[in-house]
Novice: 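For reference, the structure I am asking about is given below.
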2 protein chains.
Amino acid sequence: MNDVLVVDDDPHILKALKITLHAHGYTVATAPDGESALRAAARHPFGVIVLDLGLPDIDGSTVITRLRQWSHVPILVLSARHGSDDKVRALDAGADDYVTKPFGLDELLARLRAVLRRSIQADDLPLVTTASFTIDLALRRVTRNGQDVRLTPTEWGILELLARNPEKLITQQQLLTEVWGAAYAKEANYLRVYMAQLRRKLEQEPGNPRHFLTEAGIGYRFIP
Amino acid sequence: MNDVLVVDDDPHILKALKITLHAHGYTVATAPDGESALRAAARHPFGVIVLDLGLPDIDGSTVITRLRQWSHVPILVLSARHGSDDKVRALDAGADDYVTKPFGLDELLARLRAVLRRSIQADDLPLVTTASFTIDLALRRVTRNGQDVRLTPTEWGILELLARNPEKLITQQQLLTEVWGAAYAKEANYLRVYMAQLRRKLEQEPGNPRHFLTEAGIGYRFIP
DNA sequence: TCCGGGCGTTAAGAAACCGTCAGGAACCGG
DNA sequence: CCGGTTCCTGACGGTTTCTTAACGCCCGGA
């Protein structure tokens, strides 16, 4: 479960990450390109895969897509580019989180821990609890201060998708296609309206949200 | 109910699991192969059986099939293989959950708890009581203020589905397909008519229901 | 400093939905 | 054949939910 596969074409980064991660108790395997990464992942079950988007052979999101065809292994994406297109595509393909280069090792380690923690507890999902409210996915109910909170179907759809992927960054397109349907993938307006309503109903300070965080230009993230 | 039977041919795993499970409050019995596992299960009623698929004598799914001929005991499968074929066969044969080796003990314990929790609440609750009426699911009877309430077959079908899932939100489609059949999944009209009748017969204030709550656009919820 | 894009907020009309009622069809036992 | 029960169906007003547009704010880039 502490096995990490690091995929990057830069041997320096590869070496640095290997040393750092090893020093923090992880067992590290490395791969220099997409094809060998896919082979390695097929041969050995890793606890998490750290994947650079800029690979020499295959596009990063393609690697993710092909991995996701048979595996739910958590994927943490590294990206040198600032453009958010790549990030959105990677996350839509099924990545769990991303870190922009240049990144601090502390941040990488923290996100690694978060991703691993989530994958362990992702099995049971009947109850999601936060400081100010509780989501019961089985009963389809949200409680706040002991009282039920009335949610409309759309509000619940958004909340459910976010709550099933705690800490994970969900893109606007994912939310829109999941809740409204594929034809609405461009209607980012709706999201703003309904995220505001969710925050008003669930956050202590809707103007300063602690559980429903916005990632500008990309999507939203739910923090339990 | 805390009795666990662990079936594995590797004595090391057997020993490790025995120690770990015992430390978590379970009473543990062990068996090294399929035949002795079946005998042990026949002799003593276990709360759950942890079964390795790779046994020396009988195939794992065969063990499950033979167990299922007379027992509903929850079965948690361990398997070293990654192929999903085994998984599907084991689950089809009647296994309740599945853990792939190598597995973290935390994960195993979590799944064990989940399996046990499910089997406990699956027991029977022939009697459901509320502030104003009582439902006897076994006798198919509803009593209010000591008097029987006459329910039509359709009304009973709705009430039974709701009462078997107290607090849980049942969607209109679930109700319609369960009570009327899959072809009626769109006839939300029927539901409104019959929910009104149920409320008139069972609620103290039919116009202000306390036990049969509406979730607009989704379905209904029964609160005991 | 100005500009533009993305975000949060609000409000109002449109659309969907709900509870209710009642008439008629279908079914069943006598 | 008849009476009673149950079920189906359409219509109506009131309510909830969805959609849509508009406005102001913040931030980063020119």
Novice: Does A:F133 offer a backbone N or O that forms a donor-acceptor pair with the side chain of A:T130 under 3.5 Å?
Specialist: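 Yes, because the side chain of A:T130 sits within donor-acceptor range (under 3.5 Å) of the backbone of A:F133.
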Novice: Take the protein atom CD of B:E155 and the nucleotide atom C1' of D:dC7, then report the distance between them rounded to whole Å.
Specialist: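 In whole Å, D:dC7 C1' lies 10 Å from B:E155 CD.
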Novice: When you compare the side chain of B:L151 with that of B:L159, does any pair of heavy atoms fall below 4.5 Å?
Specialist: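 Yes, their side chains come closer than 4.5 Å.
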Novice: Strictly distance-based, threshold 3.5 Å: is any side-chain N or O of A:D57 a donor or acceptor partner for the main-chain N or O of A:E35?
Specialist: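 Answer holds: yes.
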Novice: Starting at atom CD of B:E203, determine the distance to atom C1' of C:dT20, rounded to an integer number of angstrom.
Specialist: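 Roughly 16 Å, once rounded to whole Å.
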Novice: Are any of the side-chain nitrogens in A:R210 or A:E203 under 4.0 Å away from the carboxylate oxygens of its partner?
Specialist: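 No, A:R210 and A:E203 are not salt-bridged.
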Novice: Are any side-chain N or O atoms of B:R221 and backbone N or O atoms of A:L139, one a donor and one an acceptor, separated by less than 3.5 Å?
Specialist: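 Yes; judged by distance alone, with no hydrogens or angles, the pair exists.
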Novice: Angle between the end axes of the helix from C:dT1-D:dA30 to C:dG30-D:dC1, five pairs per end, to the nearest 10 degrees?
Specialist: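 Axis angle across the helix from C:dT1-D:dA30 to C:dG30-D:dC1, nearest 10°: 30°.
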Novice: Decide, yes or no, whether a salt bridge links B:R141 with B:D148 under the criterion of side-chain N to carboxylate O below 4.0 Å.
Specialist: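 Salt bridge flag = yes for B:D148 with B:R141.
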Novice: Taking NZ, NE, NH1 and NH2 as the nitrogens, is one of them in A:D92 or A:R89 under 4.0 Å from a carboxylate oxygen of the other?
Specialist: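 Judged by the 4.0 Å cut-off on N to carboxylate O distance, A:D92 and A:R89 do not form a salt bridge.
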Novice: Ion pair present between B:K201 and B:E155, side-chain N to carboxylate O less than 4.0 angstrom?
Specialist: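 Salt bridge: yes.
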Novice: Using a cut-off of strictly less than 4.0 Å between a heavy atom of the residue and any atom of DNA chain C, enumerate the qualifying residues of residues 208-224 of chain B by number.
Specialist: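 Hits under 4.0 Å, by residue number: B:T214, B:G217, B:Y220.
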Novice: Considering non-hydrogen atoms only, spot the tightest contact between B:G219 and B:L169 and give its length.
Specialist: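 Looking at all heavy atoms of both residues, the shortest contact is C-CD1, 3.9 Å.
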Novice: Side-chain contact test, heavy atoms from C-beta onward, threshold under 4.5 Å: evaluate it for A:I158 versus A:L198 and give yes or no.
Specialist: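 A side-chain contact exists here, since the closest heavy-atom pair is under 4.5 Å.
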Novice: Restricting to ring pair (Phe, Tyr, Trp, His ring centres under 6.0 Å), what partner residues turn up for B:F46, sequence neighbours left out?
Specialist: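 Ring pair (Phe, Tyr, Trp, His ring centres under 6.0 Å) list for B:F46, sorted by chain: B:H44.
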Novice: Atom CD1 of B:I158 and atom C1' of D:dT6: how far apart are they, to the nearest Å?
Specialist: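 Distance check: B:I158 CD1 to D:dT6 C1' gives 13 Å.
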Novice: Is the distance between the ring centroids of B:W156 and B:Y194 under 6.0 Å?
Specialist: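 No - the distance between ring centres of B:Y194 and B:W156 does not fall below the 6.0 Å cut-off.
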Novice: Considering only heavy atoms, which members of residues 146-153 of chain A lie under 4.0 Å from some atom of DNA chain D?
Specialist: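 Hits under 4.0 Å, by residue number: A:R150, A:T152, A:P153.
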Novice: Could you check how far CG of B:L198 sits from C1' of C:dC18, rounded to whole Å?
Specialist: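 Distance, rounded to whole Å: 16 Å.
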Novice: Report the distance from atom OH of A:Y194 to atom C1' of C:dT9, rounded to the nearest whole Å.
Specialist: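 Taking OH of A:Y194 and C1' of C:dT9, I get 15 Å after rounding.
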Novice: Treating A:D96 as the side-chain partner and A:I75 as the backbone partner, does any N or O pair qualify as donor plus acceptor under 3.5 Å?
Specialist: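 Between the backbone of A:I75 and the side chain of A:D96 there is a qualifying donor-acceptor contact (under 3.5 Å).
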Novice: Tell me: CG of A:L175 to C1' of C:dC7, nearest whole Å?
Specialist: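 Between C1' of C:dC7 and CG of A:L175: 15 Å.
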Novice: Classify the ring geometry of A:H211 against A:F222: parallel below 30°, tilted from 30° to 60°, perpendicular beyond 60°.
Specialist: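 The rings of A:H211 and A:F222 sit tilted, inter-plane angle from 30° to 60°.
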Novice: Would you say B:Q172 reaches C:dC17's phosphate, i.e. side-chain N/O to OP1/OP2 under 4.0 Å?
Specialist: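 Answer no for this pair, as no side-chain N or O of B:Q172 is under 4.0 Å from OP1 or OP2.
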Novice: Without swapping roles, check the side chain of A:T62 against the backbone of A:I58 for a donor-acceptor pair under 3.5 Å.
Specialist: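 Side chain of A:T62 to backbone of A:I58: no pair is present.
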Novice: With a 4.0 Å heavy-atom cut-off, tell me which residues in residues 179-192 of chain A come close to DNA chain C, sorted by residue number.
Specialist: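 The stretch gives A:R192 as the residues lying under 4.0 Å from the strand, ordered by number.
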Novice: Any side-chain N or O of A:R200 less than 4.0 Å from the OP1 or OP2 oxygen of C:dT9?
Specialist: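 Checking C:dT9 against A:R200, no side-chain N or O comes under 4.0 Å of OP1 or OP2.
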Novice: Give the rounded distance in Å between these two atoms: CG of B:L159 and C1' of D:dT6.
Specialist: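 In whole Å, D:dT6 C1' lies 17 Å from B:L159 CG.
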Novice: Tell me if the CZ atom of B:R68 is crowded by more than 12 foreign heavy atoms within 6.0 Å.
Specialist: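 Atom CZ in B:R68 is packed in, count exceeds 12.
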Novice: Does B:Q197 reach a base, just sugar-phosphate, or nothing at all? Heavy atoms under 4.0 Å.
Specialist: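 If one applies the 4.0 Å heavy-atom cut-off, B:Q197 turns out to touch nothing in the nucleic acid.
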Novice: Distances for protein N/O vs nucleotides 24-30 of chain D N/O pairs under 3.5 angstrom?
Specialist:
none

